[in-house]
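Just so we're on the same page: letters track the sequence lines, and every chain starts at 1.
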Amino acid sequence: MSFTLATWNINSVRLREPIVLKLLQEEAPDILCLQECKSPVEKIPFEGFAALGYTHMIARGQKGYNGVAILSKLPIRDVGDKDFALLGHARHVAGALENGVVIHNFYVPAGGDVPDREVNVKFGQKLDYLTEMRDWFRAERPQKSILVGDLNIAPREDDVWSHKQLLKVVSHTPVEVEHLNNAQEAGGWTDVTRADIPDGQLYSWWSYRAKDWDAADKGRRLDHIWASDDIKSAAHSSRIIRAARGWEKPSDHAPVFATFDL
DNA sequence: ATGGTTGCGAGGCAA
């Protein structure tokens, strides 16, 4: 069987229902993982998605902040969530397809502005969150698993518009990259996007604050698709739908896609 | 070094 998977930080699923529907109609992924839904689960506009064939939804929500959801054309079973670093936030949910493949949808904490846990509690929480992910993967050793989401870190030099200028900017500091790499290695995860597209600058997020995001192109690759070692060779056709960043009332993130033949 | 924009929800906080 083959299925296409997408991940998108939507920055309010209710405000952006129209562009979610546009993506579902134009690109028709089998599964769409959303982050930053900013909505209680019962207020997610599920009916609109269901009308396009996405009749399965697994979600965790809270009022105003965070929130993750998995929309699927394929039957998918809720297999729970983890509250890493005990933040009490809706930042993770997992679902299992009928073929046994588990999909983890993550929204890693952004970490605030100052990359120093002594003066910025949020930065410490981000590092702790990543450390607890590492410990969990070390204990569980994920198999037949896919991890997607807004990990809020651009790990490679070519994942940001200027490595040098972002070394002290939260999302690209060496300590964050080390924590992310440790989590990735502990789970034996392969970065599917970079396995498919190994060369060149690659971004999935552009700030709202830039005057002309497209021309300035000061992006970062914060959104990721990983596969466990046993299914890494099944992944192909990775792509980022950059055009979605320019749609009406856009999210500041663009959706990331991959296809799996399993 | 600062400010730049957006969403939620009604003043800041978070991103």
Quiz prompt | Side-chain (A:Asn9) to main-chain (A:Asn11) donor-acceptor, under 3.5 angstrom | solution = yes

Quiz item: Within the structure, does a side-chain N or O atom of A:Lys122 lie under 4.0 Å from either OP1 or OP2 of B:dA14?
Solution: yes

Quiz prompt | N or O in side chain of A:Arg209 less than 4.0 angstrom from B:dT2 OP1/OP2 | solution = no

Can you tell me the distance, in whole Å, between the [atom1] atom of [X] and the [atom2] atom of [N]?
| X | N | atom1 | atom2 | value |
| --- | --- | --- | --- | --- |
| A:Trp205 | B:dA15 | CH2 | C1' | 8 Å |
| A:Leu151 | B:dA15 | CG | C1' | 16 Å |
| A:Gln125 | B:dA15 | CD | C1' | 14 Å |
| A:Asp252 | B:dG4 | CG | P | 18 Å |
| A:Lys211 | B:dT2 | NZ | P | 18 Å |
| A:Asn120 | B:dA14 | CG | P | 10 Å |
| A:Ile153 | B:dA15 | CD1 | P | 14 Å |
| A:Lys218 | B:dT5 | NZ | P | 14 Å |

Exercise. Could you tell me how the ring of A:Phe106 sits relative to the ring of A:Phe84: parallel (under 30°), tilted (30 to 60°) or perpendicular (over 60°)?
Key: tilted

Exercise. Give the ring-plane orientation class for A:His104 versus A:Phe137, where under 30° counts as parallel, over 60° as perpendicular and anything between as tilted.
Key: perpendicular

Note: [X]-[Y] ion pair, threshold 4.0 Å (strictly below):
| X | Y | result |
| --- | --- | --- |
| A:Glu27 | A:Arg239 | yes |
| A:Asp78 | A:Arg60 | yes |
| A:Asp158 | A:Arg221 | no |

Every protein N/O lying under 3.5 Å from an N/O of nucleotides 6-8 of chain B:
unit_1	atom_1	unit_2	atom_2	d
B:dG7	OP1	A:Arg16	NH1	3.2
B:dG7	OP1	A:Arg16	NH2	3.3
B:dG7	OP1	A:Lys249	NZ	3.3
B:dG7	OP2	A:Lys249	NZ	3.2
B:dC8	OP1	A:Ser12	OG	2.3

Exercise. Please determine, by modelled atom types, if A:Ser171 and A:Glu176 share a side-chain donor-acceptor pair under 3.5 angstrom.
Key: no

Provide the distance between the two [atom1] atoms, one in [N] and one in [M], to the nearest whole Å.
| N | M | atom1 | result |
| --- | --- | --- | --- |
| B:dA15 | B:dG4 | C1' | 13 Å |
| B:dA14 | B:dG9 | P | 14 Å |
| B:dC8 | B:dT2 | P | 29 Å |

Quiz item: Just checking A:Arg245: base, sugar-phosphate only, or nothing, at a heavy-atom cut-off of under 4.0 Å?
Solution: nothing

